[in-house]
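Presented below is the structure to which this report refers.
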Amino acid sequence: METAELSSPALLTPELLERYAGPCPRYTSYPSADRFVPMHARGGSSGAPPWAALQQAQTLSLYVHIPFCRSLCYFCACNKVVTKRYDSAASYLETVLREARWYRDCVVEAPVTQLHLGGGTPTFLNDGDLERLILGLGEVFPLQVGDDVEYSVEADPRTLAPHTLDNLRRLGFNRLSMGIQDFNPAVQRAVNRICPPEDVLALTEGARARGFRSISYDLIYGLPGQSVTSLEQTIDIVLEHAPDRIALYHYAHLPQRFKAQRLISSDLIPPPADKIAMQLAATRRLTGAGYHFLGMDHFARPDDGMAQAAAEGRLARNFQGYTLMPADALIGLGASAISYSRDGYWQNQHGVKDYTAAVGGCGNAISRGWKLSDDDRLRQWLIMELMCRLRVERGAVESRTGAPFEHYFHDELARLQPMVDDGLVALDEIGLHVSERGRWFLRNVAAAFDAHLHRSGSGGRYSRVL
Ligand code: SF4
């Protein structure tokens, strides 16, 4: 599809927004995490727990949640602790490493090909503690090194010093993701996150010079005080910096759920029609500059591995968004971290206090999770296909179910019919295809296949699609 068509306002009408822009899961997991039920490693649940399948994993991904931040960004919906004191970070690291050692008893021998530090602000940690963390993880897990591994860190450019970049590279990190959100000074003030573009450019160039292979910027549209013009100006600056990847997220204003967002006046939030115009304008600018539009909210330069993977149908999705290297299993360490194996998901205690007490007591902080049924696995795979490849082939479904597509998914296809009528998806002899118009509503298309969502009828706890 041509860029002009892709970003045409004609693709999105007020009627479509009315019908589909409401709350919907993001499907970083299936079932979505709000479906998880109480689960403990002390026993009590029937059958083998999902972490027992870690033994069969051939490759492993690690995620470490570092929840500390120096100041509060008003749009934030992350699990974080805002503090000026550093000593809590040092004791938190001890707990993370203790939790890591608990997994040694799960006989995890698979090589770690992916490591991600998220938060909060992982670069809150000083160089010595970052090193202590990686060396400590290396004592438990077989961390791999080299070009075939993906070690990434979410960095706040306001707290990222050049010596930290040196340290990260020395420890094997090769990917850097920076939270930019918006470069407009008024918007930055409105969300309490002041970061001049010159600083970000210097860090981007510094990271490139040190050999970081992929530099990613996170942007947000729909922030207080943002307009189409201000977002276009931000995108123009971003294009001058030429990051390898860009994630463009929609700001979900949910002040009832996220206390920080109560510091934002609802009057400053752009109305839905303006947000659509922003999304379209940003897409037009980015694709016009040669970036490939991937999935529902990612862009990659044509020479980036992610653009190539998407073209070859190798894109995958995990809790950190789109990825090239999905591992068989993920171990999430730290407060609220989620893990998965082929048998299901498990999540740690959410609050730092509860997490620390749980690990102190029994070595792990598992509090809830989900064991996948065969039907869950099928839908998990199908939703991944939709999110990453924008299609599902009926032959692939039928070989998994042994039943005709229309038969197994009779109710789901009935649910999809309005989306077919609206030109969001099409069904032919090959399978189900998401159109360019439907790309904006991928979450809705996926939701048609969410058996848990339709069983309970819940829809109010999720962020809006647009
Ligand atoms: S947006 Fe990032 S840096 Fe800001 S408060 Fe949230 S987690 Fe911390």
Side-chain angles (χ1 to χ4, degrees), residues 54-66 96-97 100-101 103-104 106-118 122-123 125 127-155 160 162-178 203-216 242-245 294 298 300-333 339-341 388:
L54 287 171
Q55 295 182 27
Q56 279 87 49
Q58 299 297 309
T59 52
L60 189 64
S61 181
L62 288 183
Y63 170 78
V64 184
H65 189 77
I66 309 291
V96 165
L97 291 175
R101 289 194 287 277
Y103 281 97
R104 188 151 48 193
C106 294
V107 198
V108 177
E109 290 172 354
V112 173
T113 53
Q114 213 175 27
L115 168 66
H116 186 86
L117 304 188
T123 45
L125 298 180
D127 290 350
D129 280 338
L130 262 175
E131 181 169 4
R132 196 155 63 88
L133 173 65
I134 303 307
L135 295 182
L137 292 176
E139 286 172 13
V140 180
F141 302 106
L143 300 185
Q144 306 299 294
V145 287
D147 284 349
D148 294 340
V149 300
E150 215 178 68
Y151 286 5
S152 56
V153 57
E154 288 170 20
L160 185 60
H163 61 82
T164 307
L165 284 176
D166 287 332
N167 193 40
L168 286 166
R169 269 305 282 147
R170 200 172 50 77
L171 295 171
F173 286 85
N174 50 22
R175 293 175 190 272
L176 184 71
S177 166
M178 285 194 277
L203 287 167
T204 303
E205 290 175 344
R208 282 205 183 103
R210 287 166 174 84
F212 280 86
R213 271 210 319 273
S214 171
I215 296 163
S216 176
D244 303 280
R245 298 173 189 172
L294 314 178
H298 278 55
R301 274 179 20 181
D303 55 351
D304 184 80
M306 194 166 270
Q308 291 156 11
E312 293 162 12
R314 291 186 288 109
L315 204 59
R317 190 169 159 79
N318 62 16
F319 289 106
Q320 282 76 55
Y322 289 98
T323 176
L324 305 184
M325 306 180 62
D328 294 342
L330 164 79
I331 292 179
L333 302 169
S339 308
Y340 68 74
S341 71
C388 297

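Remember, it's a predicted structure, so these values are computed and weren't measured experimentally. The first residue of the sequence shown is numbered 1, and numbering continues consecutively from there.
The minimum heavy-atom distance linking Ala57 with Ala110 is given by the pair O-CB, 3.3 Å. When all heavy atoms of Val153 and Leu168 are compared, the pair lying nearest together is CG1-CD1, 3.9 Å. Of all the heavy atoms in Pro326 and Thr59, the pair that sits closest is O-OG1, 4.5 Å.
Atom CG of Asp328 is separated from atom CG of Leu54 by 10.5 Å, given to the nearest 0.5 angstrom. In this structure, CE in Met306 is found 4.5 Å from CG in Leu324, a value given to the nearest 0.5 Å. Note that CZ of Phe141 and CD of Glu109 are 12.0 Å apart. Values are rounded to the nearest 0.5 Å. Summarising the geometry, atom OH belonging to Tyr63 is positioned 15.0 Å from atom CD1 belonging to Ile331; distances are rounded to the nearest 0.5 Å. Note that CG of Leu115 is 9.5 Å distant from CG of Asn174, once rounded to the nearest 0.5 Å. Note that OG of Ser339 and CG of Leu333 are 7.0 Å apart. Values are rounded to the nearest 0.5 Å.
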Would you please test Leu330 and Asn318 for side chain to side chain contact (heavy atoms under 4.5 Å, CB included) and show each step? CA-CA 9 Å; Leu330 164 79; Asn318 62 16; 5.9 Å; no
Begin from the C-alpha positions of Leu117 and Leu133 and carry the test side chain to side chain contact (heavy atoms under 4.5 Å, CB included) through to its verdict. CA-CA 10 Å; Leu117 304 188; Leu133 173 65; 4.0 Å; yes
Check step by step if salt bridge (Lys or Arg N to Asp or Glu O under 4.0 Å) holds for Arg170 and Glu131. CA-CA 9 Å; Arg170 200 172 50 77; Glu131 181 169 4; 3.3 Å; yes
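Side chains of Arg301 and Pro243 form no contact here, defined as non-hydrogen atoms less than 4.5 Å apart. In this structure the side chain of Leu171 reaches within 4.5 angstrom of the side chain of Leu130, judged on heavy atoms. For the pair Pro142 and Gln144, the minimum side-chain heavy-atom distance is below 4.5 Å.
The number of heavy-atom neighbours closer than 6.0 Å to CD of Gln58, taken from other residues, nucleotides and ligands shown, is 12 or below.
Counting only distance, with no hydrogens or angles, the side chain of Glu150 and the backbone of Asp148 share no donor-acceptor pair below 3.5 Å. In this structure a side-chain-to-backbone donor-acceptor pair under 3.5 Å is present from Arg169 to Phe173. Judged purely by atom type and a 3.5 angstrom limit, Arg132 has no side-chain atom pairing as donor or acceptor with the backbone of Gly128.
Under a cutoff of 6.0 Å and an axis angle of 45°, Arg175 and Tyr151 do not form a cation-pi pair.
Under the ring pair (Phe, Tyr, Trp, His ring centres under 6.0 Å) criterion, Tyr103 pairs with no residue, sequence neighbours left out. Shown here are the salt bridge (Lys or Arg N to Asp or Glu O under 4.0 Å) partners of Asp127, two or more places apart in sequence or in another chain: there are none. Residues passing the salt bridge (Lys or Arg N to Asp or Glu O under 4.0 Å) test with Asp304, sequence neighbours excluded: Arg245.
Just one residue in the list His116, Gln114, Arg213 forms a side-chain hydrogen bond (donor to acceptor under 3.5 Å, both in side chains) with Ser152, and that residue is His116. Leu203 pairs in a side chain to side chain contact (heavy atoms under 4.5 Å, CB included) with only one of the listed residues (Leu176, Leu165, Thr164, Ile215), which is Leu165.
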